[in-house]
Amino acid sequence: MPKKIAKKDLPSTDDVAAARSLLDAIAKRKARLEKAKEGASAGGTLDASNPKYRAARKGVKRAQRALRRELVRVHNQPKKAPAAAPEAAPPAEG
């Protein structure tokens with residue numbers, strides 16, 4: 001049985017600069033998915049094996065994974081400590 005992995009407390013998408021473009025890509029792909037869903041629905045039932053619907057769904061999932069990877073990457077970066085002022089070296093004699 002695989003180990004249980006604890007959920008990470010990921011940063012908000014507002015705090016990550018690269019997340020804005022990924023969110024736009026997800027929105028576009030979700031719109032494409034809705035269009036494909038309408039095309040794959042015949043008689044009120046959705047044909048989940050429709051190639052265009054499946055491709056659109058996979059596109060959304062890929063974009064969501066890319067966003068999550070970016071959030072995890074930012075979360076795992078070491079926190080930078082504030083730079084301490086350099087101490088003045090004693091004057092050299094001689």
Side-chain angles (χ1 to χ4, degrees):
M1 180 176 237
K3 287 186 191 177
K4 180 138 182 140
I5 298 174
K7 287 191 173 188
K8 296 179 190 248
D9 187 22
L10 298 178
S12 169
T13 55
D14 299 333
D15 301 336
V16 180
R20 183 76 246 158
S21 63
L22 292 170
L23 288 173
D24 292 340
I26 290 172
K28 288 178 187 175
R29 291 179 185 205
K30 281 187 177 182
R32 181 174 174 227
L33 177 63
E34 284 302 315
K35 190 174 179 183
K37 191 174 187 177
E38 291 172 9
S41 297
T45 59
L46 175 67
D47 179 18
S49 63
N50 182 300
K52 289 186 179 182
Y53 174 74
R54 289 183 53 171
R57 195 174 75 205
K58 286 180 183 183
V60 170
K61 288 184 177 187
R62 281 189 197 108
Q64 289 172 337
R65 279 197 307 268
L67 175 63
R68 178 160 173 82
R69 272 195 310 268
E70 182 63 23
L71 294 177
V72 169
R73 185 188 68 78
V74 169
H75 174 74
N76 289 338
Q77 284 181 346
K79 306 289 186 247
K80 292 184 179 180
E87 296 181 25
E93 294 181 25

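Evaluation of the side-chain hydrogen bond (donor to acceptor under 3.5 Å, both in side chains) test over residues 23-46, restricted to residues two or more places apart or in two chains, returns R20-D24.
With rounding to the nearest 0.5 angstrom, the NZ atom of K58 is 13.0 Å from the CG atom of L33. The distance from the CG atom of L67 to the CD1 atom of I26 is 4.5 Å, given to the nearest 0.5 Å. Here the CG-CG distance, from D15 to L71, works out to 9.5 Å after rounding to the nearest 0.5 Å.
Looking at every heavy atom in both residues, A48 comes nearest to Y53 through O-CD2, 3.8 Å. Residues A40 and L46 approach most closely at CB-CD1, 3.9 Å, considering heavy atoms.
With sequence neighbours excluded, the residues that form a side chain to side chain donor-acceptor pair (under 3.5 Å) with R73 are E70. Take R68 and apply the salt bridge (Lys or Arg N to Asp or Glu O under 4.0 Å) test, not counting sequence neighbours, and it matches no residue.
The same ILVMFWY cluster, assembled from side-chain heavy atoms under 4.5 Å apart, contains both V16 and L23.
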